[in-house]
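Written out below as structure tokens is the structure these notes cover.
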Number of protein chains: 2
Amino acid sequence: MAVTIKDVARAAGCSIKTVSRVVNDEPYVSEATRARVQKAIDELGYVPNIFARRFAQQRSYTLGVLLHSGGYNQQAWLSSILEIGYEYNYDILPQSYFPAYKKSQQKLASLIHERRIDGLVTTPPCDLDEFVLQQVTQSGIPLVRVNPYDRSGDLPYVSGDDFQGARMLTQHLMDLGHRRIAFFRGPLNHRMSVDRFHGYRAALEEGRLEYRAEWVQDSLFNFDGGYNATRMVMRGEDRPTAIFAGSDESAQGALFALREMGIEVPGEVSVAGFDDMPLAGNTWPGITTVQMPYRNIVEQAVNLLVDVLNKKDSGLQQVILPGRLILRGSTGPVPDPQG
Amino acid sequence: MAVTIKDVARAAGCSIKTVSRVVNDEPYVSEATRARVQKAIDELGYVPNIFARRFAQQRSYTLGVLLHSGGYNQQAWLSSILEIGYEYNYDILPQSYFPAYKKSQQKLASLIHERRIDGLVTTPPCDLDEFVLQQVTQSGIPLVRVNPYDRSGDLPYVSGDDFQGARMLTQHLMDLGHRRIAFFRGPLNHRMSVDRFHGYRAALEEGRLEYRAEWVQDSLFNFDGGYNATRMVMRGEDRPTAIFAGSDESAQGALFALREMGIEVPGEVSVAGFDDMPLAGNTWPGITTVQMPYRNIVEQAVNLLVDVLNKKDSGLQQVILPGRLILRGSTGPVPDPQG
DNA sequence: CTACAAATTGACAACGTTGTCATTTATTGC
DNA sequence: GCAATAAATGACAACGTTGTCAATTTGTAG
């Protein structure tokens, strides 16, 4: 029915193995033959049978991706990885994964043993899950962790630089003249929270600004967290002129709270987020934030995985990529203290 | 290396074909044999080789999903379909698709001809794309449209009932005593916009309320749309007491605008959205909205597709499922006119 | 007990590619 | 021009399952 490699071989007057060589860009085919075969392929509209190929090679050309459904920035990871997967000609099998859930574990086991994925990509916080690590080591499937919660261990990862991003953002606020900068710190068991916090402190130190504990609020990275933390830091007389909310959702909560209090943004108080989620541009004013190079991160992750699969890499790389400042309307010059 | 069907056959003392029958739950195996084979499978830890199976059957057991990346409610569709795909033991290959983009078209062609997907699911607005329809008819691959923009044609679909949802929501506002209800209508080339509008009007008529054109704003389904439309309807003296914003994002914009104007929600004006997106519960107050049964819709869609693939269905079904009212803080009783 | 149908089982081909290895052809060094 | 080497090519097995069909066993009606 469909055109097979045999039809091409017949049309090109050569063996099926030679056609296979041409299709897979292998060496040891003369230019003349290659051209003849290519012509036959084009004329017949031959498309290699993917089932046969995977069967013969016992490789799935498929990568599994674990996503945390409630997750932080799942959307950005997923769309990037789909894109990159297409470019590398790998199938992407995403699965939502809740650490320690029986059903999630079954799904992962199915990916590995039934679907026979060639490699696995984790997004936070799936890299923390015991079961994931155990399955990976047991099966020997190459793993790359994307933005891992936990950077310890030999396992490879590609991650955005939360420290650098937070420092850069804080620096931006200082460049605008702010000297009183509040920071909303996320959960302390997230490496990202801690890294961002350290970035904030590093910038303060570099600018010789005093660190004031009452302007650092422990909160969640969500709307309510930002809302409540804003209420807290804006209570007294001694208010900050800028709020680095730690995440975009949190910044949104801050915007809402400030609006409620009749405080103008950025006229009286500047607000900044982190992550550049879609919502960050959709508020008014738009939220100044740090964009992590999702596409780049995922590209490097997939690249690493594919190299390991093709034995071009030992798979021990650990990469950290810088973020980028996205300036929007929510930050502005510090108000004139006299005004 | 790995355990194959031959190993099981040897252990169970039967032919490989009999093992195959047991594995695939086919008839014509005696109970005794079935038990013996099952025991061997369990003891050896046999897992069928998916490559060989797909190769022999020339079926991918894979469904393609076209998602509009900027899209409306992509997230909800995707996580549902991954879930359902797992349950049906089908692989899900999602692709972001921008109508009329060359690259998107290449991706779709690749899904069909290289990946050889067994069926295709479209999410709005991909069901409108000429190329999609052409590829589907040409290749004969079964298609199900989920929440199609366009319900015309014989192609099967499973859709939420926007009309019923909007009517129900409007009815809810009327039950709270509102007689002056604004409606923000989305783009008129979206069936959903139109259906929701008709639902709104139907409810008004049933409640014998006057339809007032100046309270219907043509806007976009996003934050800015809701913000601007709110500014418009709240301009004059003759203000509505409730706003049905047409979508959650739009409702968020409305909340923001009302807050700016110092109008209390729901004390002075009630606000309602549509879709129950994650953000709807994260604002303050939470947005009363209509939740479409995403999981259910997708389940029926996949179910239909699988039935067609197994020749249990002709694939002409068109299903419409009702939504559900989600009550949150943004709607309340109409304020006392005397107050 | 016989004839026939139904249930059960197995032998073997087929699916379309890639991997291995042998063979043929071209190229190089002397 | 000859041997040695490298490049090009092809024959054929292997991958592990399912589909087809024939063979065998069991059950049933008369």
Side-chain angles (χ1 to χ4, degrees), chain A residues 1-41 44-62 89 91 113-116 118 309-311, chain B residues 1-41 44-62 89 91 113-116 118 309-311:
Chain A
M1 185 119 59
V3 180
T4 75
I5 202 172
K6 284 186 196 168
D7 301 318
V8 177
R10 201 174 315 118
C14 65
S15 73
I16 59 170
K17 182 65 213 188
T18 298
V19 177
S20 173
R21 288 197 183 93
V22 172
V23 168
N24 293 290
D25 244 331
E26 285 172 30
Y28 301 128
V29 183
S30 72
E31 271 320 306
T33 308
R34 197 179 289 274
R36 221 170 55 244
V37 170
Q38 191 57 56
K39 183 154 166 281
I41 288 175
L44 296 173
Y46 168 67
V47 178
N49 185 308
I50 201 175
F51 308 136
R53 190 205 295 261
R54 292 179 180 188
F55 175 49
Q57 298 195 128
Q58 295 292 347
R59 279 179 65 175
S60 62
Y61 289 97
T62 299
N89 220 19
D91 285 353
H113 299 109
E114 294 172 21
R115 266 54 202 241
R116 310 204 181 198
D118 291 337
L309 292 173
N310 296 329
K311 311 222 158 81
Chain B
M1 185 120 59
V3 180
T4 75
I5 201 171
K6 283 185 194 166
D7 302 318
V8 177
R10 198 173 318 115
C14 65
S15 73
I16 60 170
K17 182 65 212 187
T18 298
V19 177
S20 173
R21 289 197 182 94
V22 171
V23 168
N24 294 289
D25 245 331
E26 285 172 29
Y28 301 128
V29 183
S30 71
E31 270 320 305
T33 308
R34 196 178 290 273
R36 221 169 55 244
V37 170
Q38 191 59 54
K39 184 155 164 282
I41 289 175
L44 296 173
Y46 167 67
V47 177
N49 185 308
I50 202 174
F51 308 135
R53 190 206 294 262
R54 292 178 179 186
F55 175 50
Q57 297 194 129
Q58 296 291 349
R59 279 178 65 175
S60 64
Y61 289 97
T62 298
N89 221 17
D91 285 354
H113 299 108
E114 293 173 22
R115 266 53 203 246
R116 310 206 182 198
D118 291 338
L309 292 172
N310 296 329
K311 311 223 158 78

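Chain letters run A, B, ... following the sequence lines, proteins first and then strands; every chain starts at 1. Side-chain atoms are counted along with the backbone in the values below, which use heavy atoms only and exclude waters and symmetry mates. What you are looking at is a predicted structure, and each value in this text was computed from that prediction instead of being measured.
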Exercise for the section: Let me know the distance between CZ of A/Arg53 and P of D/dT17, rounded to the nearest Å. Expected result: 22 Å
Problem - Aromatic-base stack, B/Tyr28 on C/dT8, cutoff 5.5 Å, angle under 30 - result: no
Problem - A/Asp118 side chain reached by A/Thr62 side chain, heavy atoms, under 4.5 Å - result: no
Completion exercise
Which of C/dA11, D/dC12, D/dG16 is nearest the side chain of B/Ala56? It is D/dG16
Handout entry: Whole-Å distance separating the CZ atom of B/Arg34 from the P atom of C/dT8
Key = 9 Å
Handout entry: d(NZ, B/Lys6; P, D/dG16) in whole Å
Key = 8 Å
Problem - A/Thr33 side-chain N/O to D/dT9 phosphate OP1/OP2 under 4.0 Å - result: yes
Handout entry: B/Asn49 side chain near D/dC15 phosphate (N/O to OP1/OP2, under 4.0 Å)
Key = no
Completion exercise
Ranking D/dT9, D/dT18, C/dT18 by distance to the side chain of A/Ile5, first place goes to C/dT18
Problem - Beyond-backbone contact of A/His113 with B/Ile50, side-chain heavy atoms, under 4.5 angstrom - result: no
Practice task
Using atom CZ of A/Arg54 as one end and atom P of D/dG16 as the other, report the distance to the nearest whole Å.
Solution key: 17 Å
Problem - pair B/Gln38-B/Arg34: side-chain heavy atoms closer than 4.5 Å - result: no
Handout entry: Phosphate OP1/OP2 of C/dT9: any B/Ser30 side-chain N/O under 4.0 Å
Key = yes
Handout entry: Separation of C/dA7 C1' from B/Glu31 CD (nearest whole Å)
Key = 13 Å
Handout entry: Donor-acceptor contact below 3.5 Å, side chain B/Arg21 vs main chain B/Val29
Key = no
Completion exercise
Against the side chain of B/Phe55, the closest entry in D/dT18, D/dG16, C/dT17 is D/dG16
Fill in the blank from the handout: Walking DNA chain C from its 5' end, the first of A/Tyr46 and B/Cys14 to be reached, judged by nearest nucleotide, is B/Cys14
Exercise for the section: Select base, sugar-phosphate, or nothing to describe what A/Ile50 touches, counting heavy atoms under 4.0 Å on all strands. Expected result: nothing
Completion exercise
Here the distance between atom P of D/dC12 and atom NZ of A/Lys17, to the nearest Å, is 15 Å
Problem - B/Phe55 vs A/Phe55, ring-ring contact (aromatic ring centres under 6.0 Å, His included): CA-CA, chis, key distance, verdict - result: CA-CA 7 Å; B/Phe55 175 50; A/Phe55 175 49; 5.1 Å; yes
Exercise for the section: Ignoring backbone atoms, establish whether A/Thr18 has a side-chain N or O less than 4.0 Å from OP1 or OP2 of D/dG10. Expected result: yes
Practice task
Going by the side-chain contact (heavy atoms from CB on, under 4.5 Å) test, name the single residue among A/Thr4, A/Val8, A/Val3 that passes it with A/Lys6.
Solution key: A/Thr4
Handout entry: Closest listed nucleotide, where the reference is the side chain of A/Gln58 and the choices are D/dT9, C/dT9, D/dC15
Key = D/dC15
Handout entry: C/dG19 OP1/OP2 closer than 4.0 Å to side-chain N/O of A/Gln57
Key = yes
Practice task
Kindly point out which of C/dT18, C/dT9, D/dG16 is positioned nearest to the side chain of B/Val29?
Solution key: C/dT9
Completion exercise
Considering only heavy side-chain atoms of A/Thr4, the closest of C/dC12, C/dG10, C/dT17 is C/dT17
Problem - For atom CG of B/Asp7 and atom C1' of D/dC15, their distance in whole Å - result: 14 Å
Problem - Between C1' of C/dT8 and CD of B/Glu26, the distance in whole Å - result: 13 Å
Handout entry: side-chain N/O B/Ser20 vs D/dT18 OP1/OP2, d < 4.0 Å
Key = yes
Practice task
Look at all strands and tell whether A/Pro27 reaches a base, only sugar-phosphate, or nothing, counting heavy atoms closer than 4.0 Å.
Solution key: nothing
Exercise for the section: By nearest nucleotide on DNA chain D, pick out whichever of B/Ala52 and B/Arg21 is the more 5' one. Expected result: B/Ala52
